[in-house]
Q: 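Here you go, one structure.
Numbers restart at 1 for each chain; the letters A, B, ... are given by sequence-line order, proteins then strands.
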2 protein chains.
Amino acid sequence: MSIDKKELIMQTAISLFSEKGFEGTSIRDLAQKAEVNIAMVNYYFGSKEKLFEAIVEEKVRYIKGRIEDLENDKNLTEIEKIDLIIEAYVNRFLSYPDFHKVMEQEMLVSQREDLHQKVIEVVTQNINNFTKIIEKGIRKKVFKKVDAPLLFASIIGTINQVLKSKQICCVYIFRESNKDFNPYSNEQFRKRLVTHIQQMVHSTLLQ
Amino acid sequence: MSIDKKELIMQTAISLFSEKGFEGTSIRDLAQKAEVNIAMVNYYFGSKEKLFEAIVEEKVRYIKGRIEDLENDKNLTEIEKIDLIIEAYVNRFLSYPDFHKVMEQEMLVSQREDLHQKVIEVVTQNINNFTKIIEKGIRKKVFKKVDAPLLFASIIGTINQVLKSKQICCVYIFRESNKDFNPYSNEQFRKRLVTHIQQMVHSTLLQ
DNA sequence: TTGAATTAAACAAACGTTTGATTTATTTTT
DNA sequence: AAAAATAAATCAAACGTTTGTTTAATTCAA
């Protein structure tokens with residue numbers, strides 16, 4: 001029963017942190033929503049801050065390898081790799097929107113120094129891996145000379161922009177706010193987002 | 001002496017909120033950094049939350065009219081308008097990075113319902129104003145058929161991405177972390193960011 | 001002399017955390 | 001296989017701090 005409860009606390013924490021922020025979520029809120037005793041968070045994680053670290057560390061590792069795998073795939077052209085990276089990021093971000101909002105907050109607010117460095121390390125690797133692919137395409141003269149790191153910023157930035165809040169996302173979809181629609185689990189929107197980014201990146205990269 | 005002190009509190013609050021978040025900043029922190037008495041925040045603003053509202057409301061109004069002015073300018077072509085909008089946003093965001101981090105947090109965390117709605121209202125207007133210009137260009141057949149709201153998300157998203165933290169921004173510039181460099185006040189980087197976004201948008205929009 | 005500005009001190013409420021007792025589960029011994 | 005012993009999980013209650021806010025006295029300026 002213990003491992004399930006530990007995972008339950010983490011999932012509930014992701015939900016609450018993404019909604020109210022880390023400092024804005026009290027352990028009492030968390031315990032109540034997860035239906036566990038207040039003492040359980042400290043029992044399993046040691047402290048509220050270590051719970052936060054556990055959440056980030058567990059998930060950060062998952063994303064790390066994705067682009068590297070694609071980069072090393074010899075059977076794909078550069079533009080195919082880029083298209084797959086875009087789709088992978090959109091799918092990942094839309095599948096775990098709450099978690100990514102928590103990560104966004106961690107990047108925005110640098111209260112926890114060690115954790116912040118760990119996140120920056122991963123971001124750095126992702127930027128550099130993406131840049132390598134682009135620059136290979138430029139050397140092969142299949143890509144135009146572009147600002148590769150900033151193009152990566154545009155891709156991730158676009159996704160983050162719609163991930164900010166469901167309501168804001170609805171404005172991008174319907175051009176007006178909507179409280180009752182969940183855009184993140186909508187397949188039509190997912191495709192639209194992927195298509196937009198891919199077309200934009202194609203226009204920017206290809207002759 | 002009073003108006004200066006009120007402004008001093010607001011400026012100090014923007015600095016601290018952007019660094020530690022709203023919930024992560026205590027009135028004692030704020031009072032100490034601004035070198036005022038703890039009671040002054042409540043004396044001038046009524047409460048910590050109303051101070052936050054005052055910050056957002058004051059600045060939100062400023063941004064509002066900018067795009068509308070450009071939209072109504074008859075002497076500019078559509079692509080010229082878009083270029084000016086991009087430059088205006090970059091200049092504004094890089095000039096007040098702390099304030100925009102505070103706004104980012106407000107969008108990410110929806111703790112203060114009224115304020116959140118106000119921010120969403122402004123965002124909605126900006127998206128729709130931008131979209132109008134694009135769709136006019138599409139009707140005139142000077143622009144390709146693009147996803148206008150999502151293109152706006154890409155523009156703002158790119159800027160937000162480098163605005164997340166100075167350290168992360170340095171990774172986009174130097175491809176490695178750097179704690180001692182302030183990218184936001186660097187003219188070279190500002191130009192590079194404007195150029196990248198403009199070129200990307202040109203490629204996406206123009207035949 | 002009046003009203004605004006400023007202060008130190010105190011307020012109750014909420015916070016993260018710890019305690020020590022109690023229940024539940026697992027292992028060891030008979 | 002039953003009983004005893006040990007370990008893990010859960011709990012209500014309390015801990016000491018910190019929080020945002022208020023008070024009532026004092027200083028300052030008009």
Q: Can the positive tip of B:K6 be found less than 6.0 Å from the middle of the six-membered ring of B:F45, inside 45° of the ring normal?
A: yes

Q: Expressed in angstrom and rounded to an integer, what is the separation of A:K5 atom NZ from D:dA9 atom C1'?
A: 8 Å

Q: Side chain of A:R28 only, please: which of D:dT21, C:dG16, D:dA12 is the nearest?
A: C:dG16

Q: Could you check whether the rings of B:F93 and B:H100 sit parallel, tilted or perpendicular, using 30° and 60° as the cut-offs?
A: parallel

Q: If I take atom CD in residue B:E35 and atom C1' in nucleotide C:dT7, what distance separates them, rounded to the nearest angstrom?
A: 15 Å

Q: Taking only the side-chain heavy atoms of B:Y43 (C-beta and beyond), determine which of C:dA4, C:dA8, D:dT21 contains the nearest atom.
A: C:dA4

Q: So, B:E106 and B:R112, do they make that salt bridge, N to O below 4.0 Å?
A: yes

Q: What is the distance, rounded to the nearest whole Å, between atom CG of B:N42 and atom C1' of C:dA10?
A: 15 Å

Q: By nearest atom, which of the nucleotides C:dA5, D:dT21, C:dT17 is closest to the B:Y44 side chain?
A: C:dA5

Q: Would B:K48 pass as a cation-pi partner of B:F22, given that its NZ or CZ must be under 6.0 Å from the six-membered ring centre and within 45 degrees of the axis?
A: yes

Q: Take atom CD of B:Q32 and atom P of C:dA8, then tell me their distance rounded to the nearest Å.
A: 13 Å

Q: Between A:F22 and B:V36, which is nearer to the 5' end of DNA chain C once each is assigned its nearest nucleotide?
A: B:V36

Q: Whole angstroms only, please: what is the CD1-P distance between A:I38 and C:dT17?
A: 12 Å

Q: In whole angstrom, give the distance that lies between atom NZ of A:K20 and atom C1' of C:dA14.
A: 14 Å

Q: Closest to the A:A39 side chain: D:dT21, D:dT23, D:dC11?
A: D:dC11

Q: Please tell me which of the listed nucleotides, C:dC15, D:dA12, D:dG20, lies nearest to the side chain of B:S26?
A: D:dG20

Q: Take atom CE of A:M40 and atom C1' of C:dT22, then tell me their distance rounded to the nearest Å.
A: 13 Å

Q: Could you state the CG-C1' distance from A:N37 to D:dC11, rounded to the nearest angstrom?
A: 5 Å

Q: Does the distance from a Lys or Arg side-chain N to an Asp or Glu carboxylate O, for A:E19 and A:K166, drop under 4.0 Å?
A: no

